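One structure is given below, encoded as structure tokens.
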Number of protein chains: 2
Amino acid sequence: MKENTRQKLINATYEEVYSNGYQGAALADILTKAGVHKGSMYYFFANKKEMALSAIQEKMSERFDMLYLSITKDEDNYLQKLFDLLRDTSRRDFSRGCPLANLVQEMSNLDEDFNQALQKIYNKFREVVRLIYDKAVENKELVACDTDKLSLFSIIVLEGALLSVKGSGNIQDYTDAVEMLIEYIKNI
Amino acid sequence: MKENTRQKLINATYEEVYSNGYQGAALADILTKAGVHKGSMYYFFANKKEMALSAIQEKMSERFDMLYLSITKDEDNYLQKLFDLLRDTSRRDFSRGCPLANLVQEMSNLDEDFNQALQKIYNKFREVVRLIYDKAVENKELVACDTDKLSLFSIIVLEGALLSVKGSGNIQDYTDAVEMLIEYIKNI
DNA sequence: TGTGATGTTGACTATTTGGTCAAGTTGTAT
DNA sequence: ATACAACTTGACCAAATAGTCAACATCACA
């Protein structure tokens, strides 16, 4: 049962922080959503910040591994699978946007611990995307190029596109941007 | 003196919200920074939210007009002036990022009034960039193309690049992305 | 079955939050 | 000079905030 309570807190924290930001996520709401009492929470975590950092690290790694790292473990069609993933709007929560981007925007210049944790996650994300491009080059799906810069550009367009949808309320912004990015990559 | 107090509040609110987000901006801090007492503030604004919305609208319009709209009022070199502006890192606050993007990320899915205000500002920004590209096409600096999508893509790359710097702590991300965008535009 | 470790409960606190208000000061026009 | 509007002051308030704690329950195991 131990992991149960902890995991319920991690899940609820992640959800509340994703929806409201770290500063906007009230402890009382997290506890209600998790169905856990305050004292129990302080048994597992030192404070709100430690719980949020744990939630972010655990849930985001999980998410990136599932979505992106899995592609590198296949045998071929690396590029196509990445394009498919980018094009798949059903997997995206356009209202809440990108969980990582939200927190980077909110916290990286406010708290050094968040800054460091988010930098690690962000760099890992970028490495995974670069790995996909490296495999694509290796497999002759893509001509040899600066895959590091390409992964940077890809993430920038992805994050920017998700932000744009939040700003305009128009999902078309996302699909347009993704197609422009894919066109760019095909023309390298 | 009337405009003085109001303006001090607008400036302080903008700064505090820019640094800490709307939810993280404490009224007490805004008042201290402005050197204005609470009662005075509530004489000029109905509440924190109205004051923040006023600050955002007034200060952001001012900023976009100064940076971007001014380009469209010149006679030529539209494209070059836009590229110069994008390349000018001295004008950017990489630690705090883009004021508009920060607020869109934080508030657009939390409050409908913020959502509407930010959408207007965001759309205006995009229109101004499109106007620059339209003038560039008209002036034969750029071949005829879908300037609307190009403005979308430009803003997405810009916002994404600023976010990336926050995420990685590396300003090179910004300059790399801007050069890739400029290369893309030159190759249209 | 008793004992210590692991986990749970919810009332309690101190502080900070946005917001109110009655009393005061200043400016301005007649 | 007077009167009225424009503006300022800071004490006060209720609600929400993160965090504490002593008592209690449950579990594993000797």
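Numbered from 1 within each chain, the chains take letters A, B, ... in sequence-line order. Just so it is clear, the structure is predicted and the values come from calculations on it, not from any experiment.
Straight-line distance from the CG atom of A/L27 to the C1' atom of C/dT17: 16 Å, rounded to whole Å. Separating the CZ atom of A/F45 from the C1' atom of C/dT8 is a distance of 15 Å, rounded to the nearest angstrom. Note: CG (B/N4) to P (D/dA6) measures 18 Å, nearest angstrom. Regarding B/L9, its CG atom lies at a distance of 13 Å from the P atom of D/dC7, rounded to whole Å.
Shown here are the salt bridge (Lys or Arg N to Asp or Glu O under 4.0 Å) partners of B/K135, two or more places apart in sequence or in another chain: there are none. Every residue two or more places apart in sequence or in another chain that forms a ring pair (Phe, Tyr, Trp, His ring centres under 6.0 Å) with B/Y22 is listed here: B/F114. For B/E179, the salt bridge (Lys or Arg N to Asp or Glu O under 4.0 Å) criterion is met by B/R87, not counting sequence neighbours. Scanning for salt bridge (Lys or Arg N to Asp or Glu O under 4.0 Å) contacts around B/D76 gives an empty result, with sequence neighbours left out. Applying the side chain to side chain donor-acceptor pair (under 3.5 Å) criterion to A/D148, with sequence neighbours excluded, gives no partner residue. Under the ring pair (Phe, Tyr, Trp, His ring centres under 6.0 Å) criterion, B/Y174 pairs with B/F94, not counting sequence neighbours.
When each of A/A46 and A/G24 is assigned the nucleotide of DNA chain D bearing its nearest heavy atom, the one mapping closer to the 5' terminus is A/G24.
Residues from residues 48-59 of chain B placing a heavy atom under 4.0 Å of any atom in DNA chain C, listed by number, are B/K48.
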Under 3.5 Å, N/O pairs linking protein and nucleotides 9-13 of chain D:
residue : atom : partner : partner atom : Å
D/dG10  : OP2  : B/H37   : ND1          : 3.2
D/dG10  : OP2  : B/H37   : NE2          : 3.0
D/dG10  : O6   : B/G39   : N            : 3.1

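Not one side-chain nitrogen or oxygen of B/T5 sits closer than 4.0 Å to the OP1 or OP2 atom of D/dC7. Using a 4.0 Å cut-off, some side-chain N or O of A/Y42 falls inside it from OP1 or OP2 of D/dG19.
Here OG of B/S168 is found 12.0 Å from CG of A/L118. Values are rounded to the nearest 0.5 Å.
Nucleic acid contact for A/A25: sugar-phosphate only, since backbone atoms but no base atoms lie under 4.0 Å from a heavy atom of the residue.
Here the nucleotide nearest the side chain of A/Y43, chosen from C/dT8, C/dG18, D/dA18, is C/dT8. Candidate nucleotides D/dT17, C/dT8, C/dT17 were compared by shortest atom distance to the side chain of A/F44, and C/dT8 ranks first.
Of all non-hydrogen atoms in B/Q105 and A/A101, the two that sit nearest each other are NE2-CB, 3.6 Å.
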Contacts table for residues 28-42 of chain B: side-chain donor-acceptor under 3.5 angstrom, sequence neighbours left out:
residue : atom : partner : partner atom : Å
B/T32   : OG1  : B/A28   : O            : 2.9
B/K33   : NZ   : B/E16   : OE2          : 3.1

